[in-house]
J.: 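Questions regarding the structure given below will be posed in turn.
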Amino acid sequence: MTMHTISRFVLLSIVVLMTAVSASAQSGPFQFFAVPPCRVVDTRNPVSTNGGPIVGNGGQRDFAIRGNCGVPSTAKAVSLNVTVTGATTASFLSLWPSGATRPVVSTINFTQNDPALANGAIVGLSTNTNDLSVFNSGGNVHVILDVTGYFQ
Amino acid sequence: MSQTLSLLRRIAATCLLAALCSHPLAAATVSKLNDDVLAPLRGPSAAKRILLSKVPLYEHGTAAVDLEEFEVWAPGGKLIVSDGKSVQYLAPPPMRFFRGMVNGDAESFAYFSVDGRTGAVYGLLSTRDGKFSVNAARRRPMTRDRSESGDRGDDFDYFLTASDQSDELPMTGKTWECGVEKLPPVSQINKRLHVQADALGHQIAAQGITGTQSYAMAVDIETDDELFAAAGNSVSAVTALATNLTGAISTIYNRDLHINVVLQNLHVYSGGPGTDPWISTSDAAVGLADLGNNYHTNHATLKRSAVIMLSGKATFSGIAWEGTIGMGDFPATIIASDNSHIPTFGGAYAWCGSIGDLQGAFTSTVPDPDSSANGTFGMPPGGNNYWPLTEYAHELGHNLAGHHTHCVAITAGEAAGTNHPGQLFVDMCHTGEVDNDGSGHTSACATGSDFASAPTEKGTIMSYCHNVFVGAVPQSRFTFGQAAEVSHHELDDYMLRAAGPLPLFGGSENIVTAVGTFTMSTITAASTVGPSSTGNTASVTTTNGGSVTFSWTITGGTITSATNTASITYTAGASGNVVLRATAFKNGTNGSGFADGGVGITDTRTVTIVSCVAPAVTGQPQSVAVPAGTGVTLSVGATGTSLTFQWFIGASGVTTTPIGGANGASVNVAPSTATTYWVRVSNSCGTADSASATVTVQPIAAANFFLLSPCRVLDTRGGTPIPANGVLNLVVTGKCGVATGATSIAVNVTVVSPAVAGLVTVYPGPANTVKPVISTINYTAGRTLANNARITVGVDGSINMFNAAGTPLDFLIDVAGYFK
């Protein structure tokens with residue numbers, strides 16, 4: 001990683017994803033497009049691509065971000081707020097571009113004592129229809145994703 | 001009245017002694033009358049005044065019955081027969097009617113009718129000694145050839161039936177002429193059935209009678225298919241029933257209340273089942289609702305004092321509106337026996353069921369060995385059947401403001417032996433009283449007797465004593481008793497009082513009929529007026545007016561001129577409706593004998609005028625720019641009364657594109673391209689259009705990131721926290737180095753020691769942007785917590801923070817950079 005890359009990607013302390021991906025995953029530079037904040041995923045909703053069911057123990061869900069909430073199909077990464085609620089045990093989520101090997105990252109850590117907890121994140125998007133993967137390490141947990149912008 | 005009635009009391013006392021010396025006939029005793037007993041009635045030219053001197057009411061003696069002729073049918077009265085296909089308007093039957101007293105006893109009465117075609121006589125006598133009926137039975141075989149005899153009275157035998165030997169007990173101390181002037185009020189006395197009086201007052205439609213102190217009450221009688229069937233499918237039998245019932249009741253009413261009940265129209269339905277206009281029901285309340293609705297719809301202009309339904313439906317009960325005589329219709333609700341609520345129109349309506357219940361009602365027959373169909377249908381031929389008479393008199397009595405006499409107070413001594421010693425009642429026959437006033441008490445008035453035990457004394461027409469029997473004899477009497485005094489006082493409110501002495505029976509009554517074709521126009525007045533405006537005018541005109549008297553009432557304003565003229569001026573109320581009611585009254589040609597000239601025709605009109613403030617726009621909807629995909633709220637400020645709103649797309653005044661459902665002072669819009677909006681504000685006094693407001697849409701633009709030195713752009717501690725369930729708006733551009741035109745800021749947000757759990761939604765400005773359903777940070781009570789976020793900035797450089805929690809929240813925003 002170079003300083004150049006850092007300045008482009010606004011990599012703040014929470015953005016473990018980009019550092020966790022190997023050096024070969026680097027791409028860009030990209031520009032940022034701010035969108036009105038918009039809820040793109042809520043697993044408390046009825047079963048659908050971006051709705052239920054709850055994410056289970058060791059479970060993975062692939063969500064469709066591009067094409068929703070003003071995120072175009074050309075977007076390469078998305079600025080999100082990740083919220084968890086209803087956790088049944090202490091666990092963590094990993095978010096990454098779908099289709100790739102699940103990286104060893106934690107996007108948000110939580111316990112069953114948290115009624116609801118959120119963290120901001122910037123996550124890359126694949127070119128698959130369901131372009132964003134979410135993995136839950138343990139127990140059941142509802143996942144909510146609110147988009148605040150995208151990169152391309 | 002005291003002189004006349006004092007005299008009659010003395011006579012009555014004498015006759016009472018006479019009666020005691022001569023035992024009355026036992027109940028159910030039937031005697032064939034000698035031909036000469038009724039001969040004065042049967043003569044083809046009977047006199048106006050008749051004395052039947054040898055009526056054998058006693059085992060060893062006779063009574064004298066003093067009779068005078070009177071009219072039962074009103075002049076112009078019609079028998080209206082509908083067979084389901086056509087309607088016939090027929091003249092009343094050629095009957096003559098007589099009424100009077102037995103042995104001059106003021107507590108007795110006698111009623112006779114003579115059929116002018118056949119000579120058949122029907123009679124009813126009620127004395128301290130009992131009730132008696134006189135019936136005709138056709139002789140078989142006929143003693144003469146009918147073509148020669150003209151079917152005159154010689155073809156009949158006449159029988160006297162004693163029905164009630166236990167009636168000798170007078171109501172202790174309670175003759176109807178007692179000196180009580182005004183009875184103490186009890187809670188029930190002003191009770192009406194479910195509704196109170198029309199707030200605009202009572203319209204008097206009762207007709208007065210000249211030359212006496214009596215009133216004429218014109219009734220319209222309805223019947224139904226069931227009664228027609230019970231009467232053997234005979235129009236003449238139904239007619240005889242309604243006529244004789246009305247005649248007997250008029251006799252009682254005249255004696256006790258000084259009211260002549262006259263039959264205006266009698267409706268008979270002869271087409272068979274299903275051809276009458278009434279719904280099928282076994283619930284008298286449903287029937288009453290049906291009657292009110294039908295008359296309100298079909299007979300609004302029919303002049304009448306009351307409408308009586310004589311139904312053959314087996315309801316075993318009747319029902320009537322109380323205190324409604326002479327009133328116009330009023331909207332009301334009846335609670336049926338199944339607790340359903342039936343909308344109807346109240347008024348002077350009385351509904352009497354089971355009138356044709358021959359099985360239970362007619363308990364004996366005239367002993368004609370040659371026929372099983374004896375007597376004159378429709379009046380009790382014998383036995384103790386007086387249900388139709390009792391019911392008709394009772395329900396019509398309610399219309400006349402007569403209350404149940406177990407709810408009418410009288411003296412302390414009377415009430416001492418009851419379960420309500422603190423209350424005073426005319427009689428104690430409360431049995432079966434229902435909870436009409438919603439008090440939750442089904443025996444709200446007197447108690448002390450029930451179906452199983454006889455009252456200590458008999459009850460009035462307005463009691464429930466007809467349900468209390470000794471043997472087979474119902475313990476009620478054909479009198480209003482002291483309740484007549486109550487009714488008199490209440491009648492003052494409804495009926496027209498005449499001057500002059502008061503004979504016991506009406507003298508030369510002359511019913512006033514229509515007074516030309518007098519009508520009044522609708523009220524001419526502005527449909528809207530200013531609030532509290534003065535000098536507003538309203539007027540009416542009349543046709544065939546002549547000497548017309550006007551009166552006006554107003555609600556929602558004040559009349560500022562005289563009210564006895566065709567035109568008035570008034571001041572409107574501050575807001576709302578102004579209701580004006582004009583009444584014109586034209587004297588009848590025979591009204592000279594009345595102190596208040598109260599004979600004639602009234603006509604009434606009502607108009608509703610809206611008092612309002614014209615709408616005005618005081619705050620225009622504002623043009624605004626928003627990020628694409630963002631909703632925004634447009635609002636208008638307006639003044640005026642009872643405003644309505646409609647928002648449109650387009651330039652102000654162009655109404656081609658209304659927004660469906662956008663009918664409030666504000667509207668949420670989320671256009672995808674620049675769009676212009678406006679709103680029309682309306683009320684009864686006019687409209688006002690707002691200026692146009694344009695919502696422009698900022699497209700999502702590419703932005704570069706600019707790194708800043710970390711900087712706290714918001715810290716509410718010690719200042720203004722985010723309100724509980726409220727929004728805080730903050731302009732972020734120009735602060736901490738965030739440049740104007742920034743589309744997003746990279747921040748860390750922190751909630752500081754929240755009191756309760758909640759969440760914060762941060763979304764772009766301006767302040768009236770519609771809040772999206774998203775969360776920026778979730779928090780729990782007592783836990784200071786941070787989150788990293790990129791926050792989209794509004795076109796005006798501001799952000800909104802909504803705190804979804806019941807307590808205010810301290811909030812920090814630390815900016816690390818911005819996108820532009």
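In what follows, chains are A, B, ... by sequence order, proteins preceding strands, each numbered from 1.
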J.: Would you call the rings of B:F819 and A:F151 parallel, tilted or perpendicular if under 30° counts as parallel and over 60° as perpendicular?
T.: perpendicular

J.: Side chain, backbone, both or neither: which part of A:D114 has a non-hydrogen atom closer than 4.5 Å to chain B?
T.: side chain

J.: Of B:V749, B:N787, B:I777, which is the lone residue that meets side chain to side chain contact (heavy atoms under 4.5 Å, CB included) with B:V760?
T.: B:I777

J.: Non-hydrogen atoms of chain B under 4.5 Å away: do they reach the side chain of A:T83, the backbone, both or neither?
T.: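 Side chain only.
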
J.: Is B:K771 close enough and on-axis enough to B:F802, meaning under 6.0 Å and within 45°, for cation-pi?
T.: yes

J.: With a 4.5 angstrom heavy-atom cut-off, is it the side chain or the backbone of B:A757 that approaches chain A, or both, or neither?
T.: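 Contact with chain A is absent: no heavy atom of B:A757 under 4.5 Å.
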
J.: When only pairs under 4.5 Å are counted, which of B:T743, B:T769, B:T776 shares the most heavy-atom pairs with chain A?
T.: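 Most heavy-atom pairs under 4.5 Å with chain A: B:T776.
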
J.: Salt bridge or not between B:R712 and B:D814? Use side-chain N to carboxylate O under 4.0 Å.
T.: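 So B:R712 pairs with B:D814 through a salt bridge.
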
J.: With a 4.5 angstrom heavy-atom cut-off, which part of A:I144 approaches chain B: side chain, backbone, both or neither?
T.: neither

J.: Pick one of side chain, backbone, both or neither for B:V626, based on which atoms fall under 4.5 Å of a heavy atom in chain A.
T.: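 Interface part for B:V626: neither.
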
J.: Show your working on side chain to side chain donor-acceptor pair (under 3.5 Å) between A:H142 and A:T85 and close with a plain yes or no.
T.: CA-CA 5 Å; A:H142 278 300; A:T85 188; over 6 Å; no

J.: May I have the step-by-step check of side chain to side chain donor-acceptor pair (under 3.5 Å) for A:S79 and B:R790, ending in yes or no?
T.: CA-CA 7 Å; A:S79 165; B:R790 283 146 303 283; 2.4 Å; yes

J.: Spell out, as yes or no, whether a donor-acceptor pair under 3.5 Å connects the side chain of B:Q646 to the backbone of B:I659.
T.: yes

J.: A:N136 and A:S91: side chain to side chain donor-acceptor pair (under 3.5 Å), yes or no, with the steps?
T.: CA-CA 7 Å; A:N136 173 31; A:S91 177; 2.7 Å; yes

J.: So which part of B:L759 gets closer than 4.5 Å to some heavy atom of chain A, the side chain, the backbone, both or neither?
T.: neither

J.: Less than 4.5 Å to any heavy atom of chain A: does that hold for the side chain of B:T630, its backbone, both, or neither?
T.: both

J.: Using non-hydrogen atoms only, which part of A:C38 is less than 4.5 Å away from chain B: side chain, backbone, both, or neither?
T.: backbone

J.: Looking only at heavy atoms and a cut-off of under 4.5 Å, which of B:G817, B:A789, B:S775, B:A701 has the most pairs with chain A?
T.: B:S775

J.: Among the options B:S744, B:A702, B:A786, pick out the one with the most heavy-atom pairs lying under 4.5 Å from chain A.
T.: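 With the most close heavy-atom pairs to chain A, the winner is B:A702.
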
